[in-house]
Amino acid sequence: MEKKNLDWGNLGFAYMKTDKRFVANYKGGAWDDGALISDDMILMSEDAGVLQYSQSVFEGLKAYETVDGHIVTFRPDLNAQRMYDSALRLEIPPYPVDKFIDAVVKTVEANEAWVPPYGTGATLYIRPYTFGISPVIGVKPADEYQFRIFTTPVGPYFKGGAKPIVVKISDYDRAAPKGTGNIKAGLNYAMSLHAIVTAHEEGYAENIYLDAATRTKVEETGGANILFIDQDDQLIVPQSESILPSITRRSLVYVAEHYLGMKVVERPVYWEEVKAGNFKECGLCGTAAVISPIGRINDHGTDIDFASGMEEMGPGMTKLRETLTGIQMGSIEAPEGWIVRVK
Ligand code: PLP
Ligand code: COI
């Protein structure tokens, strides 16, 4: 299989149309078998549920070329289950977990030429999604849905890759306590767009959201969970009902405990603790972000600097990142069931 002729080492995090996408339709109360198609355009009613009431959920995972030339995906069962849970919350008929995994494998296989070569730092981002496609005018779920998967080759989510970033504490809320912060729905991202554009205009890479009810606890950023390392080298993981259950974060917790012998504490983290300098490293984690170090957080004009500095990733985050990417790219043995081989 000949790879596409791309400048793999210089890809950003952007959409590029690849050869094939998977499409399945829900009609008359059942999902059809679905198929791979070439057409990237979608024709739908002007009154489709997704257009009027944002009835859509999505996922994000990646395919990797491993050190020995295989193509693999990382824990797609967890993405399948999370999309199932997201769909139930928005009254979308969930796409079955086993069919989801199968469709991911088929879509990556069909776009094999777009999987970035090992060692380039790039990966193939996989975007599954489900949305209401039939007309709705009263506020209710659509009758018909489409499940799709496309792929696009990507480089680092943040410019500069693993360089520390500067983020700000947002005055906007991302998620209400019993809202939709714990599912992956497009609506959570639509409402963050003004905050992210404003943050970028002010020179920040991202926003940190505090809990909406008390504004005292650290939740997450617009597109990633947050991790801290304390003065005793423990991994401190903010816990909240209104953050997305990141697959990267759950994997890193396992990696920290079982591969690196670190103590992990999952608990609510108060912003006051961060301001007091209780943590020496901070990072964002997610499929797109992998682990990106945070060097500085701005809180309404006051900078909180982490001891790891603005030059490079701190030693704790570096170990976590290297172990996780080693597992994903096949140079470190993975826990049972984490790697699904496409080829
Ligand atoms: N939090 C938010 C809001 C996200 O959009 C993402 C990205 O998927 C994550 C966290 C990280 O989740 P995961 O590690 O499963 O990609
Ligand atoms: C991911 O990490 O997969 C995400 O979905 C984050 C962002 C691109 C929305």
Side-chain angles (χ1 to χ4, degrees), residues 11-16 56-64 73-86 89 100 104 122-130 149-159 161 165 167 170 172-176 179-193 195-197 199-200 205-212 218-227 237-256 266 282-292 294 317 320-321 324-325 327-328 338:
L11 294 177
F13 196 88
Y15 173 76
M16 192 182 289
S56 80
V57 294
F58 70 100
E59 272 304 324
L61 67 163
K62 284 172 169 174
Y64 309 83
T73 62
F74 182 71
R75 310 189 79 180
D77 53 319
L78 297 189
N79 294 97
Q81 186 60 52
R82 191 170 61 188
M83 191 152 110
Y84 196 99
D85 298 340
S86 299
R89 177 68 174 80
F100 178 109
V104 164
T123 49
L124 189 72
Y125 187 71
I126 306 163
R127 172 54 62 89
Y129 54 115
T130 311
I149 306 178
F150 69 77
T151 60
T152 183
V154 295
Y157 191 68
F158 294 106
K159 269 199 213 96
I165 56 171
V167 302
S170 182
Y172 294 97
D173 294 320
R174 175 181 176 274
T180 54
N182 61 341
I183 64 161
K184 207 157 167 63
L187 56 92
N188 290 334
Y189 300 81
M191 53 69 62
S192 77
L193 294 176
I196 190 83
V197 168
H200 286 166
E206 249 291 8
N207 286 294
I208 287 184
Y209 296 98
L210 301 180
D211 74 292
V218 176
E219 293 254 299
E220 61 175 330
T221 68
N225 281 180
I226 299 174
L227 303 171
V237 182
Q239 205 177 38
S240 161
E241 272 184 6
S242 46
I243 66 177
L244 193 75
S246 158
I247 293 161
T248 313
R249 182 247 296 170
R250 286 180 272 161
S251 304
L252 286 168
V253 163
Y254 186 92
V255 162
E266 299 191 64
C282 179
L284 301 183
C285 73
T287 299
V290 193
I291 296 188
S292 301
I294 293 177
M317 294 293 167
L320 285 165
R321 184 183 166 107
L324 181 69
T325 54
I327 289 170
Q328 290 166 333
W338 279 25

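Counting convention: from 1, in listed order, for ligands and their atoms alike. Just so it is clear, the model here is predicted, and its values are computed rather than measured. Basis for what follows: all heavy atoms, side chains included, without hydrogens, waters or symmetry-related copies.
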Arg174 vs Tyr172, side chain to side chain donor-acceptor pair (under 3.5 Å): CA-CA, chis, key distance, verdict
CA-CA 7 Å; Arg174 175 181 176 274; Tyr172 294 97; over 6 Å; no
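Proximity annotation for atom 7 (C) of ligand 2: of Phe13, Tyr157, Phe58, Tyr157 comes nearest, heavy atoms only.
Not less than 6.0 angstrom separates the ring centroid of Phe13 from the ring centroid of Phe158. Here Phe150 and Tyr15 bring their ring centres to under 6.0 angstrom of each other.
When only non-hydrogen protein atoms are considered, atom 1 (C) of ligand 2 lies nearest to Tyr125 OH, 3.4 Å. Atom 9 (C) of ligand 2 has Tyr189 CE2, 3.7 Å as its closest protein atom, hydrogens excluded (heavy atom only). At the top of the distance list for atom 5 (O) of ligand 1, counting protein heavy atoms only, stands Tyr189 OH, 2.5 Å. The closest protein non-hydrogen atom to atom 16 (O) of ligand 1 is Thr287 OG1, 2.6 Å. Protein heavy atom at the shortest distance from atom 6 (C) of ligand 2 is Gly223 O, 3.6 Å. Closest to atom 1 (N) of ligand 1, if we only count protein heavy atoms, is Glu220 OE1, 2.6 Å. The protein heavy-atom contact nearest to atom 6 (C) of ligand 1 is Gly223 O, 3.2 Å. Protein heavy atom in closest approach to atom 5 (O) of ligand 2: Lys184 NZ, 2.7 Å.
The proximity of Ser246 to ligand 1, defined as any non-hydrogen pair under 4.0 Å, involves the side chain as well as the backbone.
Taking the side chain as every heavy atom from C-beta outward, Val104 and Ile149 approach each other to under 4.5 Å.
Every atom of ligand 1 is numbered from 1 in the order shown, and the set under 4.0 Å from a heavy atom of Gly222 is 3 (C). Below 4.0 Å from some heavy atom of Asn225 lie the following atoms of ligand 1, by number and element: 1 (N), 10 (C).
Under the 4.0 angstrom criterion for non-hydrogen atoms, Arg127 is in contact with ligand 2.
Looking at Ala288 next to ligand 2, an N or O pair under 3.5 Å apart turns up.
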